[in-house]
Amino acid sequence: MSRTRRAAFAVAALDPAGLAANLDRLAEILHACVHEGASVGFVLPFAFDEAREYWRGKVAPPHAAGSRLLLVAAMDDVVVGAAQLELDGMPSKRHHAEVSKVLVDPRFRRRGAGLALMREIERRAVAAGRWLLTLDTAGDAAEALYRSLGYALAGAIPLYARNAFEDRYEETRLMYKDLRRA
């Protein structure tokens, strides 16, 4: 019986200075993922400058304010993936956080980076008092990862987002996990 060896990834939270220092690498990963068809909110054509602006304009402000956690996975000191945990500030939802933009450089996929990022997201969520995690996904491989971690399907929304390559709309699947039962 042969087993696929999983690479060892170091997963860490970036502070605002770390985000600034890794901005280009994070943009490279996002750009590559979109060009591979990832349903993460962008469509082609998608320029590298747009990827940089996403991190600078959409992620950096809530990250600096403390309402968004940004994790990166690195292998041999090279950032190969990222994931975000959005901490909702509404009083009725202080138990909840949303996982978003779990991105792995296509050259490093299926080696365990996504799994390492998700495990650390969950650990950090618990540490922040967040026991209900939600996410949405349109990818079968991503959904399989989330299911392997115990995420349940809450439902699907048809015609949710435009396909990255074509002028057609696809469904997204909403998933959740109660970390108290994990």
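All values reported here derive from a predicted model rather than from experimental measurement.
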Close side-chain approach of [X] to [Y], heavy-atom, < 4.5 Å:
X	Y	value
Trp131	Val126	no
Glu143	Tyr151	no
Leu85	Leu71	no
Leu133	Glu98	no

If you take all heavy atoms of [X] and [Y], which pair is closest and at what distance?
X	Y	answer
Arg123	Glu120	NH2-OE2, 2.7 Å
Phe165	Glu36	CZ-C, 3.8 Å
Ala32	Pro106	CB-CD, 3.7 Å
Pro158	Ala156	CD-O, 3.8 Å
Phe9	Gly112	CE1-C, 3.6 Å
Ala164	Ala38	CB-O, 4.3 Å

Is [X] salt-bridged to [Y], cutoff N-O under 4.0 Å?
X	Y	result
Arg52	Asp49	no
Glu171	Arg173	yes
Arg124	Glu122	no

Distance (rounded to the nearest 0.5 Å) between [X] [atom1] and [Y] [atom2]:
X	Y	atom1	atom2	result
Gln84	Leu103	CD	CG	7.5 Å
Leu145	Arg110	CG	CZ	9.5 Å
Leu132	Lys93	CG	NZ	9.0 Å
Met118	Tyr146	CE	OH	5.5 Å
Tyr169	Ile157	OH	CD1	15.5 Å
Glu28	Phe48	CD	CZ	5.0 Å

Do [X] and [Y] belong together in a cluster built from hydrophobic side chains that touch within less than 4.5 Å?
X	Y	answer
Leu115	Met175	yes
Leu87	Leu70	no
Leu30	Val43	no
Ile121	Val79	no
Val11	Leu135	yes

Are Phe42 and Tyr54 near enough that their ring centres are under 6.0 Å apart? yes
Checking [X] side chain against [Y] main chain: does a donor-acceptor pair fall under 3.5 Å?
X	Y	value
Lys58	Glu53	no
Trp55	Leu26	yes
Arg130	Arg94	yes
Lys101	Val40	yes
Asp76	Val78	no
Thr172	Thr137	yes
His31	Phe46	yes
His63	Leu14	yes

Is atom CZ of Arg180 surrounded by more than 12 heavy atoms (other residues, nucleotides or ligands) closer than 6.0 Å? yes
Can Arg111 and Met75 be said to form a side chain to side chain contact (heavy atoms under 4.5 Å, CB included), step by step? CA-CA 11 Å; Arg111 299 186 198 180; Met75 185 171 72; 3.6 Å; yes
Worked verdict on Ser100 versus Glu86 for side chain to side chain donor-acceptor pair (under 3.5 Å): CA-CA 7 Å; Ser100 67; Glu86 298 176 29; 2.8 Å; yes
Quick one: list whatever passes side-chain contact (heavy atoms from CB on, under 4.5 Å) with [X], sequence neighbours left out.
X	value
Ala154	Leu174, Tyr176
Arg107	Arg25, Asp105
Ala74	none

Under the criterion side chain to side chain contact (heavy atoms under 4.5 Å, CB included), I'd like the reasoning laid out for Asn22 against Val72: C-alpha separation, chi angles, the key distance, then a yes or no. CA-CA 10 Å; Asn22 287 282; Val72 294; 5.8 Å; no
